[in-house]
Amino acid sequence: MQDAAYVTMLRSRRRQLHEDIGSRLIESFPALAESQPEIVAHHFTEAGRVREATDHWIKAGRLARARWANREAASFLERALRALETEPETRATLEQAIDLRIDLKNSLFPLGQFARIVGYLREAEALARNLDDPRRLCLTFVHMCQTLSLSGNPQDAVKFGRDAHLLAEKLGELSLRVSASLFLGLACFSTLHYGEAESHYLNVLELLEGELSLQQFSLAGFPAVTAHGFLTRIYADQGKFARGTAHGEEGIRLAEAVDHPYSLGIVSWCFADLLASRGELSRAVVVLERGLAVAREWNLPFLVAGNSGSLGHAYSLLGRTAEGLPLMEQALGVFEKMGHRFAQALFLSPLGEAYLLAGRQADALRSAGWALAMARENGQRSGEAAALRLLGDASSGDSSPDQAEGYYRTALLLADELALRPLAARCHHGLGKLYLHAGRPDQSRNELVTATTMFREMEMRFWLEQAEAELSGLPESLLLRE
């Protein structure tokens, strides 16, 4: 009846009523108007008061994002953008249109909606160029760098990141310098320029000393926490576990201090992957279960997938493949749907390892082949080395060991070139097992000795125990050799 009565009104009468309601809410119910500005925005939109409607949609979007209701935030901000686009194209409205698109990126990012983000950022870039606005152009470069890094375009991401970094340094604004260094670090990490990535993340921490480490700078996550998280990953890949652990623990401390679920989910995932790489699997499970609980509570699908997928890998290494494999498969499916190619590349080799532990060799080979193709396509050389090692593991049970040996040797060359010591140690371990089963004990001993030495130096006890057990099974005459 209400709807029927509404549509029978003259349009001018409806608009006047909406205007009266919106104005009365502001005048007589200011607390409600402040806490639920979307109600006021709706009435002003229907009244045709575009300027007031836009302001209230923006306020509603930012309030929703502050309480981590990212879907609502994106919806409100898109309403604001549609309203704004009906206004005359003055410099002020075009500047606001750029800012809104960047706000939208920050709300869509935790939801993993990368295609929509790229579309908005390309529009923002065009507007910034037309306005000759270097600050806003720098911001679009910064956010494009991050988005392209994660959606599988790392080379383009590096280009945007370097342009953003140069422009930020020229402008000298702290928030721009922090954002540019943070996301250029991510782009370099995704292409395995680890030296450059490390320097950018350390630069972020230098810029954010003291109380500045508690500043968010309008980003989806707190930049100091993110920097600590990715330094944790870099040092994990290099076998610098003590240094990585220090960054992981500090990142978690900061995320707890600012009480920010997205940041806590990110750093938990990064730190747990270090723990799993080192073989501290029970501790990794505890960290990941917490990160997963936070991500689920706050409806963060990207981090639900990341933490649950890594949890599935840890379960599989602990012999719980029946629990672990579904978690990993679901995570990979989520990342595929999002178009999150960087995360897909991170998970394909661990998924193949889990298949192998479950005795599913064909699935392991398929996953390894996919991982290798994606890594080469995206220029992710660490992913290429990991996929080759997995192919070696998955091929070791075949009648001819030559192909498996070739995979291991190629992976080892890459791992040594890139200083990926844990991966190199696992290649030596794989070769040792391969030679042992092929009846080549001399070569097996050499590889297993190298593997145990490296595992011991890096305190990778989980794999050290396995390698030592295999070494002890060799003839005593070989073990007595210097």
Side-chain angles (χ1 to χ4, degrees), residues 109 141-169 176-208 213 217 219-248 250-251 254 263 266-267 269-274 277 306 340-346 349 374-376 378-386 414-424:
F109 190 81
F141 288 166
V142 162
H143 291 290
M144 191 68 87
C145 172
Q146 182 193 26
T147 306
L148 292 175
S149 293
L150 298 179
S151 59
N153 297 281
Q155 305 301 332
D156 289 342
V158 169
K159 180 183 181 302
F160 274 106
R162 288 179 175 156
D163 288 346
H165 192 263
L166 287 172
L167 196 48
E169 291 300 311
L176 291 177
R177 294 175 67 200
V178 167
S179 301
S181 287
L182 187 75
F183 297 139
L184 180 53
L186 173 64
C188 293
F189 175 86
S190 68
T191 54
L192 208 81
H193 293 98
Y194 272 2
E196 187 176 351
E198 180 185 13
S199 69
H200 288 304
Y201 286 128
L202 290 174
N203 183 50
V204 170
L205 297 181
E206 289 172 8
L207 291 170
L208 297 180
S213 65
F217 295 103
L219 298 175
F222 279 72
V225 178
T226 304
H228 281 298
F230 276 91
L231 284 167
T232 301
R233 284 191 177 275
I234 288 170
Y235 294 139
D237 282 354
Q238 295 174 338
K240 300 173 182 178
F241 291 114
R243 193 178 301 178
T245 296
H247 281 285
E250 178 61 12
L254 279 175
S263 296
I266 283 284
V267 74
W269 182 12
C270 292
F271 184 37
D273 276 356
L274 175 144
S277 178
H340 198 315
R341 292 176 63 83
F342 177 65
Q344 288 179 61
L346 285 178
S349 289
M374 182 171 284
R376 286 175 170 168
N378 295 342
Q380 294 165 331
R381 300 180 74 208
S382 64
E384 182 179 353
L414 267 176
D416 286 341
E417 177 190 343
L418 301 170
L420 306 175
R421 294 191 72 234
L423 181 58

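Keep in mind the model is a prediction, meaning the values are calculated, not measured.
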Pair up each side-chain donor or acceptor in residues 200-208 with any protein partner under 3.5 Å, not counting sequence neighbours, and list the distances.
{"unit_1": "H200", "atom_1": "NE2", "unit_2": "E196", "atom_2": "OE2", "d": "3.3"}
{"unit_1": "Y201", "atom_1": "OH", "unit_2": "L186", "atom_2": "N", "d": "2.9"}
{"unit_1": "N203", "atom_1": "ND2", "unit_2": "S181", "atom_2": "OG", "d": "2.9"}

In Å, rounded to the nearest 0.5 Å, how long is the span from [atom1] of [X] to [atom2] of [Y]?
X    : Y    : atom1 : atom2 : answer
E384 : L414 : CD    : CG    : 5.0 Å
L346 : W269 : CG    : CH2   : 6.0 Å
F141 : R162 : CZ    : CZ    : 15.0 Å

message = For F271, give me all partners under ring-ring contact (aromatic ring centres under 6.0 Å, His included), at least two apart in sequence or on another chain.
response = none
request  = Would you confirm whether the ring centroid of Y194 sits within less than 6.0 angstrom of the ring centroid of F189?
outcome  = yes
Heavy-atom closest contact ([X] atom, [Y] atom, distance):
X    : Y    : result
S213 : A224 : O-CB, 3.6 Å
L423 : S382 : CD2-O, 4.5 Å
S277 : P422 : OG-CB, 4.3 Å
L184 : H165 : CD2-CB, 3.9 Å
S263 : V225 : O-CG1, 3.6 Å

For [X], side chain to side chain contact (heavy atoms under 4.5 Å, CB included) partners two or more places apart:
X    : value
Q155 : T191
A187 : C145, S149, A157, V158
A424 : L412, A415, D416, M454
S151 : F114, L148, N153

Per-pair distances, 0.1 Å, donor-acceptor, side chain in residues 226-233, under 3.5 Å, sequence neighbours excluded:
{"unit_1": "T226", "atom_1": "OG1", "unit_2": "F222", "atom_2": "O", "d": "3.3"}
{"unit_1": "H228", "atom_1": "ND1", "unit_2": "H247", "atom_2": "ND1", "d": "3.0"}
{"unit_1": "T232", "atom_1": "OG1", "unit_2": "H228", "atom_2": "O", "d": "2.7"}
{"unit_1": "T232", "atom_1": "OG1", "unit_2": "G244", "atom_2": "O", "d": "3.3"}
{"unit_1": "T232", "atom_1": "OG1", "unit_2": "G248", "atom_2": "N", "d": "3.0"}
{"unit_1": "R233", "atom_1": "NH1", "unit_2": "D273", "atom_2": "OD2", "d": "2.9"}
{"unit_1": "R233", "atom_1": "NH2", "unit_2": "D273", "atom_2": "OD2", "d": "3.1"}

remark   = Contacts of R243 meeting side chain to side chain donor-acceptor pair (under 3.5 Å) (sequence neighbours excluded), chain-then-number -> none
ask   = Got a sec, which residues hit side chain to side chain donor-acceptor pair (under 3.5 Å) with Q146, two or more places apart in sequence or on another chain?
value = K105
ask   = Less than 4.5 Å apart, any side-chain heavy atom of Q238 and any of R421?
value = no
